[in-house]
Amino acid sequence: MGRGIAARLSAAGVPTLLGSRQLERAVAALARIGSSFRGLQAVSNSDVVDRCDLVFLAVPFASVADVLQTYRGRLRPGTVLVDVTVPLRFEQGMARFEPPPEGSAAEHIRAHLPTEIGLAATFKTLPAPLLGRAAEPLDCDEFICGDSPESTARARAALDRIATLRMVDVGGLEAACALEHMTALAITVNKRHKVRAARFRVVGL
Ligand SMILES: NC(=O)c1ccc[n+]([C@@H]2O[C@H](COP(=O)([O-])OP(=O)(O)OC[C@H]3O[C@@H](n4cnc5c(N)ncnc54)[C@H](OP(=O)(O)O)[C@@H]3O)[C@@H](O)[C@H]2O)c1
């Protein structure tokens, strides 16, 4: 997901840092994206939190606690964190949503973030492989919610620049539970219909 987000944002002209725990892994990920995007740099996760005020959290949900523990005190005041994580358990190839006590990954993360850091949640229903093929249109909608209209707007200022994606604002973080259920639904659609990039479109909007 991180590689795809970085590719799409930089293709849209947003200066982007692609982070990893190990710089060499970020460099390797950048090589997989290709060097055609200006303004895209491979760095360490520490560099990301030191230099960015819009930071995407794209790690397995099981590692969120560790990642927050390591970096939450270092995020710059006024930063908006964008959560794309989904707590899923895979059982016989099927994905099940396993929410934390707060009800969703996004609400869990909000509960563990300093108040001066904003939170938006999105890209929960976009398939990573398609996201990574930045030359292909996404041709879908993606839902976004946030802990305030300002957090959502800050994330949208970057994401609205992805031309083939329509962002659909669904309000506060209480919507995240539904979005995270929809991730499991998209995986089910992929499996049952033997496709790889099922995603959503809202009609009548
Ligand atoms: N895959 C999808 O289609 C999709 C769609 C929607 C949402 N999501 C959600 O998006 C998140 C990322 O998905 P993904 O498929 O990109 O996951 P992934 O490939 O399993 O992991 C992404 C990166 O997280 C870092 N990471 C792994 N364990 C870590 C740890 N213990 N501490 C810190 N960093 C760690 C690794 O980067 P480094 O080793 O380079 O640091 C890894 O490359 C997940 O929560 C997933 O549920 C996925």
Side-chain angles (χ1 to χ4, degrees), residues 1-9 16-33 40-49 52 55-72 74-75 81-91 93-100 102 104-110 112 119-134 136 138 140-145 155 159 162 165 167-168 170 175-191 195-200:
M1 286 297 284
R3 204 167 57 234
I5 293 164
R8 294 282 173 176
L9 286 177
T16 303
L17 303 182
L18 175 58
S20 168
R21 290 167 291 179
Q22 294 175 320
L23 178 59
E24 55 273 25
R25 282 177 59 77
V27 170
L30 185 65
R32 287 183 67 184
I33 293 174
L40 177 58
Q41 264 183 64
V43 298
S44 66
N45 285 343
S46 298
D47 261 351
V48 171
V49 296
C52 297
V55 175
F56 287 78
L57 180 61
V59 298
F61 182 72
S63 60
V64 160
D66 275 357
V67 172
L68 288 182
Q69 177 73 21
T70 307
Y71 297 108
R72 75 179 144 209
R74 295 182 48 187
L75 290 162
L81 188 67
V82 184
D83 162 47
V84 312
T85 70
V86 185
L88 293 178
R89 179 167 54 88
F90 287 87
E91 207 171 70
M94 299 306 290
R96 285 189 184 280
F97 176 51
E98 280 209 323
E102 294 84 355
S104 66
E107 289 162 294
H108 172 83
I109 290 165
R110 179 61 273 170
H112 292 85
L119 184 71
T122 188
F123 277 34
K124 305 251 176 184
T125 64
L126 284 180
L130 176 63
L131 203 57
R133 297 193 296 272
E136 280 183 40
L138 290 166
C140 65
D141 291 337
E142 176 54 30
F143 304 99
I144 183 166
C145 57
L159 298 172
I162 302 174
L165 182 67
M167 299 301 295
V168 177
V170 291
C177 174
L179 304 187
E180 295 171 19
H181 270 293
M182 288 171 74
T183 314
L185 184 65
I187 294 169
T188 301
V189 173
N190 279 337
K191 286 228 161 250
V195 294
R196 307 187 84 159
R199 54 207 188 275
F200 296 95

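Worth knowing before you read on, the calculation uses all heavy atoms, side chains too, and leaves out hydrogens, waters and symmetry mates. Note that ligands are numbered from 1 as they come in the structure, with each ligand's atoms numbered from 1 the same way. Just so you know, these numbers come straight off a predicted model, no measurement behind them.
Within ligand 1, the atoms closer than 4.0 Å to a non-hydrogen atom of L126 are 3 (O), 5 (C), 6 (C), numbered from 1 in the order shown. Of all the atoms in ligand 1, the ones that sit under 4.0 Å from a non-hydrogen atom of F61 are 45 (O). Ligand 1 places these atoms under 4.0 Å from at least one heavy atom of T85: 45 (O). Within ligand 1, the atoms closer than 4.0 Å to a non-hydrogen atom of A128 are 1 (N), 2 (C), 3 (O), numbered from 1 in the order shown. Those atoms of ligand 1 that come under 4.0 Å of a heavy atom in R25, given as number and element, are 38 (P), 39 (O), 40 (O), 43 (O). Close contacts between ligand 1 and P127 involve ligand atoms 3 (O) [criterion: under 4.0 Å to a heavy atom]. In the vicinity of A58, heavy-atom distances shorter than 4.0 Å reach the ligand 1 atoms 12 (C), 22 (C), 23 (C), 24 (O).
Note that CD1 of I187 and CZ of R196 are 13.0 Å apart. Values are rounded to the nearest 0.5 Å. Considering CG of L68 and CG of L81, their distance stands at 7.0 Å, rounded to 0.5 Å. With rounding to the nearest 0.5 angstrom, the NZ atom of K124 is 10.5 Å from the SG atom of C177. In this structure, the separation between CG on L179 and CD on E142 is 7.5 Å, given to the nearest 0.5 Å. The distance from atom CG of L119 to atom NE2 of H112, rounded to the nearest 0.5 Å, is 13.0 Å. One finds the OG1 atom of T125 at 14.0 Å from the NE2 atom of H181 (value rounded to the nearest 0.5 Å).
Residue contacts with ligand 1 for K124 involve N, CA, C or O but no side-chain atom from C-beta outward (heavy atoms, distance under 4.0 Å).
From the protein, the heavy atom lying nearest to atom 48 (C) of ligand 1 is M1 CG, 3.4 Å. Nearest protein heavy-atom neighbour of atom 31 (N) of ligand 1: S63 CB, 3.1 Å. Nearest protein heavy-atom neighbour of atom 24 (O) of ligand 1: P60 CD, 3.5 Å. With respect to atom 11 (C) of ligand 1, the closest heavy atom belonging to the protein is V59 O, 3.4 Å. Here the heavy atom of the protein found nearest to atom 40 (O) of ligand 1 is S20 OG, 2.5 Å.
Taking 4.0 Å as the cut-off, V67 counts as a neighbour of ligand 1 on heavy-atom distance. Between D66 and ligand 1 there is no heavy-atom distance shorter than 4.0 Å.
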Step-by-step side-chain contact (heavy atoms from CB on, under 4.5 Å) determination, L57 to T85: CA-CA 7 Å; L57 180 61; T85 70; 4.2 Å; yes
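Of the candidates T122, V84, L88, V84 brings a heavy atom nearest to atom 8 (N) of ligand 1.
Of the N or O atoms in T183, none lie within a sub-3.5 Å distance of an N or O in ligand 1. Considering both main-chain and side-chain atoms, R21 comes within under 3.5 Å of ligand 1 through a nitrogen or oxygen pair. Checked by distance only, ligand 1 and V86 come closer than 3.5 Å through their nitrogen or oxygen atoms. Considering both main-chain and side-chain atoms, F123 never comes within under 3.5 Å of ligand 1 through any nitrogen or oxygen pair. When only interatomic distances are considered, the shortest N/O to N/O separation between T125 and ligand 1 does not fall below 3.5 Å. Considering backbone and side-chain atoms alike, G2 places every N or O at 3.5 Å or more from each N or O of ligand 1.
Salt-bridge formation is not detected for the pair R96/E98: no Lys NZ or Arg NE/NH1/NH2 atom is positioned less than 4.0 Å from an Asp or Glu carboxylate oxygen.
Annotation: side chain of L165 is in contact with side chain of F123 (closest heavy-atom distance under 4.5 Å). Residues L9 and L159 form a side-chain contact, since some pair of their non-hydrogen atoms from C-beta on lies under 4.5 Å apart. V67 is not listed as a side-chain neighbour of N45, based on a closest heavy-atom distance of 4.5 Å or more.
The aromatic rings of F143 and F200 sit tilted, their planes meeting at an angle between 30° and 60°.
Atom 45 (O) of ligand 1 is flagged as protein-proximal [any protein heavy atom, distance under 4.0 Å].
The shortest heavy-atom contact between A176 and S104 is CB-OG, 3.6 Å.
Between the side chain of N190 and the main chain of A198, a donor-acceptor pair closer than 3.5 Å is present.
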